[in-house]
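Please read the structure below before turning to the comments.
The model shown is predicted, which means the values in this text are computed figures rather than measured ones. Labels below follow one simple rule: chain letters A, B, ... track the order of the sequence lines, proteins then strands, and each chain is numbered from 1.
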Protein chains: 2
Amino acid sequence: MKYLDQFDEIDHRILRALQRDASLSHAALAEEVGASPASCWRRIKALEGAGVLGPAVRLVNAAKVGRGVSVMCQLRMKTHATKDRQEFEAFIQTRGEIMDCHSMSGEWDYLLRVVVADVASYERFLMRELLAHPAVAAAASHFALSQVKYTTALPI
Amino acid sequence: MKYLDQFDEIDHRILRALQRDASLSHAALAEEVGASPASCWRRIKALEGAGVLGPAVRLVNAAKVGRGVSVMCQLRMKTHATKDRQEFEAFIQTRGEIMDCHSMSGEWDYLLRVVVADVASYERFLMRELLAHPAVAAAASHFALSQVKYTTALPI
DNA sequence: CAAAAAATGAAATACCTTGATCAGTTCGAT
DNA sequence: ATCGAACTGATCAAGGTATTTCATTTTTTG
C-alpha cells in the first residue's frame, strides 16, 4: 500500500467531499472526484489507515435540543503542576456541556466553549462545576450573541 | 405524524448514537437504542424533518492535513453599521481557515477560531486578510498550545 | 531504457439497506 | 371504560452498496 506522505488532487477532492457529506456512496463520490468507485474505496481505506480520515458524525441543531447558548470561558489555574493539569483535563472530558477546550498561550490557561440552555444554566455550571473545581483559580466568561460561522470542514 | 415538541428516551438515544457514529445502519441503531429498525427509521425522518438532525459529516485530522495550529482571534470593528456587519460576516464565510466565528458580548465584537499550518501562515492571514479588511479596527490573537477536547456531540 | 512495483478501472457477486405495508398495540381524551 | 389516533414491530421486495478479483496502465526505481 502506498505511504500517504502527501495527497494528490483526487485525495484532496475526496477529503473535501466527505467533510461536507459523509453519506456519499463510493459511486457518487467517484463521479464527483473523477475516479472509479474502486479507486475511491482504496484511497478512503488508506486515508483511514493513516489517521487522516476520522469518524463520520451526525450534526445536531443545538438550539433545538436546548443548547442554544454558547459561552466562551477563560480559566486560570491555581497551579501548573502536571498532576493537577492532568486531573483537570480529565474532568473536562467528563462534562458534556464543554464542547471544546484549548490550552492557551497568554494570561489565561484554558479557553472553553460551553453550551447551555440559558444564562441561568451557565451560572449554575460556572459556580458549581468550574469554580468549584479545586484547580481553578479564576474564570472570565464571554457570551456568544450569535453564531456567524460554524464548520467542521478544514480547508484542504 | 407526531409533532416533535419533545423527545422521549429513544429519541435521545438515537441522537446520541448518531452524533457519535453517523454510519450506523438502522438495524444496528435499533439494537443499540432498543427499538425496531422501522421505528428508528421513522424517528430519524421526523428528527430530520424537524431540523433537529443535521447533515452527516466526516471529521479530518487537522494536524495531518497541515492545519495543526489553532488561533483564537478577537476582533473589534470600526463601525457597527448593519451594512458593514453583513459585509464582514459574508467575508467570514469565504475564508476556509476560519472554522468558527461568534458575535460576542463584551469589549470585542467577534471571536474567531482560525486553523493554519504554522505561526508564519497566521501572521500572513492576520495582516493580509483580517487587518486588511476595511471594517476591522483591531485584533488580539491567542494561540492554542494544545487541544484538550474537541467534540461535535451536544449533550443530550 | 528496462524491469519492477504500484495504482487504476471494469466487472461481478453477495450482502445489506432502505423504505413501504399491514396488523396489532399503546396511549390519551372524552 | 371506550373510542380513535398515533405509534410500534414484523416482514418483505427492490434496489443499491461494499468489496474482491484481474487484466491493464502508469509510475517509480535501478
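Each of C/dG9, C/dT8, D/dT8 was ranked by its minimum atom distance to the side chain of A/Ser36; first place goes to C/dG9. Listed nucleotides D/dG9, C/dG9, D/dT8 differ in distance to A/Ser39; the shortest reach to its side chain belongs to C/dG9. Looking at the side chain of A/Ala38, the nearest of the listed nucleotides D/dT19, C/dT17, D/dT20 is D/dT20.
When each of B/Lys78, B/His80, B/Gln74 is tested with B/Asp109 by the rule side chain to side chain donor-acceptor pair (under 3.5 Å), just one qualifies, namely B/His80.
The interatomic distance linking B/Leu24 (CG) with C/dT18 (P) rounds to 10 Å, in whole Å. Spacing between atom CG of A/Leu29 and atom P of D/dG16 amounts to 18 Å, rounded to whole angstrom units. Atom CG in A/Asp8 sits roughly 15 Å away from atom P in D/dT26 (whole-Å rounding). Summarising the geometry, the separation between NZ on B/Lys45 and C1' on D/dT8 is reported as 19 Å, rounded to the nearest angstrom. Between the C1' atom of D/dA18 and the CD1 atom of A/Ile44 lies a distance of 11 Å, rounded to the nearest Å. The distance between atom CD1 of B/Ile10 and atom C1' of D/dG9, rounded to the nearest whole Å, is 12 Å.
Side-chain atoms of A/Arg42 come within donor-acceptor range of the base of C/dG9, with a qualifying N/O pair under 3.5 Å.
The hydrophobic cluster containing A/Leu112, built from Ile/Leu/Val/Met/Phe/Trp/Tyr side-chain heavy atoms closer than 4.5 Å, also comprises A/Val69, A/Val71, A/Leu75, A/Met77, A/Phe88, A/Phe91, A/Ile92, A/Ile98, A/Tyr110, A/Val114, A/Val116, A/Val119, A/Tyr122, A/Phe125, A/Leu126, A/Met127, A/Leu130, A/Leu131, A/Val136, A/Phe143, B/Val148.
Within the model, atoms CG of B/Asp100 and NZ of A/Lys149 stand 9.0 Å from one another, a figure rounded to the nearest 0.5 Å.
Side-chain N or O atoms of A/Arg113 include none that pairs as donor or acceptor with a backbone N or O of A/Met99 at under 3.5 Å.
Listed pair B/His26 / C/dT17 fails the phosphate criterion, with no side-chain N or O lying under 4.0 Å from OP1 or OP2. Phosphate contact (OP1/OP2 of D/dT19, side-chain N/O of A/Trp41, threshold under 4.0 Å): present.
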